[in-house]
Amino acid sequence: PGQRAADLFPAVERGRAQAAHDRVLATGEDEQFEWGARTPAGMGAWYVCTVTALREGDEVIGLLSRSSDVTALKRSEERLRQREGLMIDTQGVAHLGTWEWDVTQPHASWSDELYRIYGVTPQTYTPSYEAYLTKVHPEDRQRVIDATSRVFDEHVPYSHDERIFRPDGSVRYLHTWANPVLDEQGKLVKLIGVCQDITERKMAEEQVLELNRNLESRIAERTRAIERSLEDLEAFNATVTHDLRNPLNTIDLGCALLEREASGLQPKARDVLARIRRATSRMSDLIRDLLTLSRVGHAQLASENADLSAIASEVVANLLRSDSQRRVEVKIADGLICRGDPGLLRAALENLLGNAWKYSSKVAEARIEVGAIEGEGRRIFLVRDNGAGFEMAEAHKLFRPFERLHKAADFEGTGVGLAAVHRIVERHGGRIWAEGAPGKGATFYFELPAR
């Protein structure tokens, strides 16, 4: 008794409660206000208080105050606000702006981020289809009009890139998605969409394209320079070959005439002439091999099926014709087919079989084998002999130009042949290596790509 109704509320809420009660008693109009029950950790519960006047006839004789617990609703509202805030932040980070257009209305609704993307504010710009079209780049405008028309006529969503102008004249690249919303009768009532500012990505793509164009231009220029250099080198090689061979031929011819005409030459003089002729012959071979090595490096590479078995048989037949006194057991496997340039592969086999023929010449029962090792989807070709062999410690020198592991007069050569073989195999995208032992022969392996 004597206690005010407002005293039933927490101390911090009593002022608002008393004011609401006073207004109801004075006006007879219902009042409603929110209040909360606080805990040490913060707000523990929320309530909505409804204050209703109690009447007796036209006179207000009291009031009824009822509070309803709306804590769950308030917490849901708070979560919704947090999510809306997070969505707004996310839109800013991803440069995503949303829009909505009720097609019965002249104006659309834009999100804050979309205003920022366009560089305008709600106070200075009213979104509408007509106003939007004026901001679209002229080269993209018709595509936008066509896409919008399809949405209205066929209810087909669209997604495309477009450029827009900001008030300051700068251009932004946007990717726009738009989806139609239909009513129960299938009539278009609304368009909703998303615009993403992709200007930075577009600028980066253009920079990459420009870099690629510059790189391609530089590569093309470098390629032309290399081609010119190769043409010059070819001309130089031909000139040098001609100019060097002519005097060598003259020297050899002169030595031959001296040997034939000067019958009274002393043995020492004849020996000197023979040595000169051998030197000129070796010089001629070296010039020929160098020219071959140079051409191998830039000759046009064909891609055909090459029958290594047939090529090896022809090479061996030529070797037998050139040295009919030799007795060599030659074994060539059938079906050695690969993909490559038949001419260059013939040159490689000529060198490999020529070496095998030469370095097995001092063996009583010489054997030469041409075959292949297959397994695990790979095919490795080989040329093997039982001749002089080599030290494995010196195997790394085999394919260097002018390197000769056997310098005895019995095994003459220029040291260029294996270098040419190595270059031929490399140009086919393959690899070559060798195994051997002194006095026990050598095996040269080479592997070519399947295609």
Side-chain angles (χ1 to χ4, degrees), residues 33-34 43 46 70 73-183 187-210:
F33 64 92
E34 290 184 356
M43 191 61 70
W46 280 98
V70 293
L73 179 61
K74 292 290 286 186
R75 288 176 178 170
S76 295
E77 290 175 351
E78 180 62 25
R79 286 195 294 270
L80 181 59
R81 280 194 295 271
Q82 291 175 352
R83 288 174 183 172
E84 288 177 347
L86 179 60
M87 184 181 69
I88 292 172
D89 292 342
T90 302
Q91 286 183 2
V93 171
H95 304 297
L96 285 169
T98 59
W99 55 269
E100 185 176 316
W101 179 24
D102 182 343
V103 297
T104 64
Q105 302 297 318
H107 302 141
S109 173
W110 282 13
S111 69
D112 291 342
E113 182 61 23
L114 193 54
Y115 281 105
R116 282 192 287 270
I117 289 173
Y118 273 77
V120 296
T121 65
Q123 292 75 31
T124 61
Y125 179 79
T126 301
S128 69
Y129 180 59
E130 292 75 15
Y132 154 66
L133 285 179
T134 64
K135 292 187 173 296
V136 177
H137 194 286
E139 295 178 3
D140 301 336
R141 195 170 295 155
Q142 189 58 49
R143 185 172 71 251
V144 171
I145 293 172
D146 293 341
T148 306
S149 298
R150 288 194 67 196
V151 174
F152 274 85
D153 297 338
E154 305 174 29
H155 304 160
V156 177
Y158 68 78
S159 170
H160 62 228
D161 291 348
E162 61 190 44
R163 289 165 291 176
I164 58 105
F165 289 106
R166 282 181 164 181
D168 61 4
S170 62
V171 177
R172 307 298 291 179
Y173 289 84
L174 307 184
H175 187 80
T176 301
W177 297 266
N179 283 280
V181 178
L182 310 179
D183 62 13
K187 180 181 177 182
L188 180 68
V189 295
K190 187 184 296 184
L191 284 178
I192 57 175
V194 177
C195 294
Q196 184 177 24
D197 188 339
I198 58 172
T199 305
E200 292 181 1
R201 189 186 78 192
K202 280 289 187 180
M203 297 300 291
E205 289 174 355
E206 289 183 359
Q207 289 178 356
V208 171
L209 288 173
E210 183 63 23

*Asks:* Checking side-chain contact (heavy atoms from CB on, under 4.5 Å) for the pair R150/Y158: CA distance, chi angles, key distance, verdict?
*Replies:* CA-CA 9 Å; R150 288 194 67 196; Y158 68 78; over 6 Å; no
*Asks:* Measuring from R172:CZ to E200:CD, what's the distance to the nearest 0.5 Å?
*Replies:*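 With rounding to 0.5 Å, CZ (R172) is 7.0 Å from CD (E200).
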*Asks:* Yes or no on side-chain contact (heavy atoms from CB on, under 4.5 Å) for K202 and E205, after CA distance, side-chain angles and deciding distance?
*Replies:* CA-CA 5 Å; K202 280 289 187 180; E205 289 174 355; 3.7 Å; yes
*Asks:* Looking only at heavy atoms, which two atoms of Y115 and T121 are closest? And how far apart?
*Replies:*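 In terms of heavy atoms, the two residues are closest at CD2-C, 3.7 Å.
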*Asks:* At their closest point, which heavy atom of L133 faces which heavy atom of R141, and how far apart are they?
*Replies:*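 Smallest interatomic distance, heavy atoms only, reads O-NE, 3.1 Å.
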*Asks:* Under 4.5 Å between any side-chain heavy atoms of P180 and P157, yes or no?
*Replies:*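 The answer is yes; the side chains approach within 4.5 Å.
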*Asks:* To the nearest 0.5 Å, tell me how far R163 CZ sits from I198 CD1.
*Replies:*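 Taking CZ in R163 and CD1 in I198, the distance rounds to 11.0 Å.
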*Asks:* Sorted by first residue and then second, give each ring pair (Phe, Tyr, Trp, His ring centres under 6.0 Å) pair with at least one member in residues 133-153; sequence neighbours left out.
*Replies:*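 Only W101-F152, H137-F165 qualify under ring pair (Phe, Tyr, Trp, His ring centres under 6.0 Å).
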*Asks:* Are any side-chain N or O atoms of D140 and backbone N or O atoms of E162, one a donor and one an acceptor, separated by less than 3.5 Å?
*Replies:*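 Between the backbone of E162 and the side chain of D140 there is no qualifying donor-acceptor contact (under 3.5 Å).
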*Asks:* Hey, mind stepping through L174 and D197 against side-chain contact (heavy atoms from CB on, under 4.5 Å) and telling me if it holds?
*Replies:* CA-CA 5 Å; L174 307 184; D197 188 339; 4.2 Å; yes
*Asks:* Roughly how far, to the nearest 0.5 Å, is the OH atom of Y132 from the CH2 atom of W110?
*Replies:*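 Going from the CH2 atom of W110 to the OH atom of Y132 covers 9.0 Å.
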*Asks:* Can you find a heavy atom in the side chain of S128 that is under 4.5 Å from one in the side chain of H107?
*Replies:*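 A side-chain contact exists here, since the closest heavy-atom pair is under 4.5 Å.
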*Asks:* To the nearest 0.5 Å, how far apart are CD in E113 and CD in Q196?
*Replies:*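 Taking CD in E113 and CD in Q196, the distance rounds to 10.5 Å.
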*Asks:* Using every non-hydrogen atom in the two residues, find where I164 and I117 come nearest and quote the distance to one decimal.
*Replies:*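 Heavy atoms only, the tightest pair is CD1-O, 4.4 Å.
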*Asks:* Regarding Y173 and E206, is there a side-chain donor-to-acceptor distance under 3.5 Å anywhere?
*Replies:*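 On atom types as modelled, these side chains qualify, holding a pair under 3.5 Å.
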*Asks:* Find the distance between CZ (R201) and CG (D161) and round it off to the nearest 0.5 Å.
*Replies:*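 One finds 6.5 Å between CZ of R201 and CG of D161.
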*Asks:* How close do V189 and D102 get, counting heavy atoms only, and between which atoms?
*Replies:*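 In this case the closest contact between V189 and D102 is O-OD1, 3.3 Å.
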*Asks:* Just wondering, are more than 12 heavy atoms of other shown residues or ligands nearer than 6.0 Å to NZ in K190?
*Replies:*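 Open: at most 12 neighbouring heavy atoms sit under 6.0 Å from NZ of K190.
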*Asks:* Go through the structure and list residues passing salt bridge (Lys or Arg N to Asp or Glu O under 4.0 Å) with R166, not counting sequence neighbours.
*Replies:*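 Testing R166 for salt bridge (Lys or Arg N to Asp or Glu O under 4.0 Å), a comparison that skips the adjacent residues, returns none.
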*Asks:* Under 30°, 30 to 60°, or over 60°: which ring-plane class applies to W177 and H175, parallel, tilted or perpendicular?
*Replies:*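 The arrangement is perpendicular - the two ring planes meet at more than 60°.
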